[in-house]
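Every heavy atom of this structure was used, including side-chain atoms; hydrogens, water molecules and symmetry mates were not.
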Amino acid sequence: MAIALCPGSFDPPTYGHIDVIERAAKHFTSVVVVVVVNPSKVPWFDEAERVTLLKEVLGHLPNVEIESHSGLLVEFAKQKGADVIVKGLRAISDIEYELQMAQMNSSLYEDVDTMFITTNPRWGFVSSSLVKEVASYGGNVSALVPPTVDQALSRRSKG
């Protein structure tokens, strides 16, 4: 039974995130999407909101569950018995950071591998940060995020 983790801040979840998770779900028996709580970032959506949004937009995938974790991802991987950490790559600029993280995770926990899935080119320019920036100015991001996320962004940017 292969268990994969798909970690991220998901603040907010985008179609790029969904693309990577859907593709991972085709290859693994179980995929745990992990909302990683990063104390150095101030999120737009709290941990519970991000988990709820992900449950709504990924509910069509029966082998996917959503959880959150603060602390080292490899500790969560040990708890879940995960074999693989799946990370999406949008551009060359992602590779250096993600490779460093993969090597650090491997040095902390040799039993978990990191695999990279390149994002569909359609979503290569989409990042949560960019989506939030556009939304904060009242821009239309409906083509970049699912409707429930778009509605949450709209409420957040007006509030």
When clusters are formed by joining ILVMFWY residues with side-chain heavy atoms under 4.5 Å apart, either directly or through shared neighbours, do [X] and [Y] land in the same one?
X      : Y      : answer
Leu72  : Leu99  : no
Leu5   : Leu108 : yes
Val86  : Leu61  : yes
Ile117 : Leu54  : yes

Contact between [X] and [Y] at the side-chain level, heavy atoms closer than 4.5 Å - yes or no?
X      : Y      : result
Pro12  : Val131 : yes
Val51  : Phe10  : no
Thr29  : Ile3   : no
Ser136 : Arg156 : no
Phe116 : Asp94  : no
Thr14  : Ser128 : yes

Please round to the nearest 0.5 Å and tell me the distance separating atom [atom1] of [X] and atom [atom2] of [Y].
X      : Y      : atom1 : atom2 : result
Ile85  : Asp113 : CD1   : CG    : 9.0 Å
Leu73  : Lys87  : CG    : NZ    : 7.5 Å
Asn120 : Arg90  : CG    : CZ    : 14.0 Å
Ile18  : Cys6   : CD1   : SG    : 12.0 Å
Glu49  : Asp46  : CD    : CG    : 4.0 Å
Asn63  : Leu58  : CG    : CG    : 10.5 Å

Is a side-chain N or O of [X] found less than 3.5 angstrom from the main chain of [Y], in a donor-acceptor match?
X      : Y      : result
Ser106 : Gln103 : no
Thr52  : Ala48  : yes
Lys132 : Asp11  : yes
Ser107 : Met104 : yes
Asp150 : Val145 : no
Arg50  : Trp44  : no
Thr118 : Leu89  : no
His17  : Val20  : no
Gln151 : Thr148 : no

Which pair of non-hydrogen atoms, one from [X] and one from [Y], has the smallest distance, and what is that distance?
X      : Y      : value
Ser70  : Val37  : CB-CB, 3.8 Å
Val141 : Ala135 : CG1-N, 4.2 Å
Asp83  : Ala2   : OD2-CA, 3.1 Å
Val35  : Ser9   : CG1-O, 4.0 Å
Leu53  : Ala152 : CD2-CB, 4.2 Å
Val149 : Pro13  : CG1-O, 3.5 Å

Practice problem: Show the numbers, then the answer: is there a side-chain contact (heavy atoms from CB on, under 4.5 Å) between Phe125 and Leu144? | Solution: CA-CA 10 Å; Phe125 71 96; Leu144 310 176; 3.7 Å; yes
Exercise. Inspect the surroundings of CD in Gln79 and state if more than 12 heavy atoms from other residues, nucleotides or ligands are less than 6.0 Å away.
Key: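 Yes, the 6.0 Å shell around CD holds more than 12 heavy atoms from other groups.
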Quiz item: Counting only heavy atoms not in Lys41, do more than 12 sit closer than 6.0 Å to its NZ atom?
Solution: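 Open.
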Quiz prompt | Whether Tyr15 and Trp123 hold their rings parallel, tilted or perpendicular, with breakpoints at 30° and 60° | solution =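 It falls in the tilted class, 30° to 60°.
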Quiz prompt | Criterion side-chain hydrogen bond (donor to acceptor under 3.5 Å, both in side chains) on His60 and Glu22, from CA distance to verdict | solution = CA-CA 10 Å; His60 64 287; Glu22 286 176 337; 2.8 Å; yes
Self-check item: Working for side-chain contact (heavy atoms from CB on, under 4.5 Å), residues Glu65 and Glu67
Solution: CA-CA 7 Å; Glu65 62 182 89; Glu67 296 193 34; 2.6 Å; yes
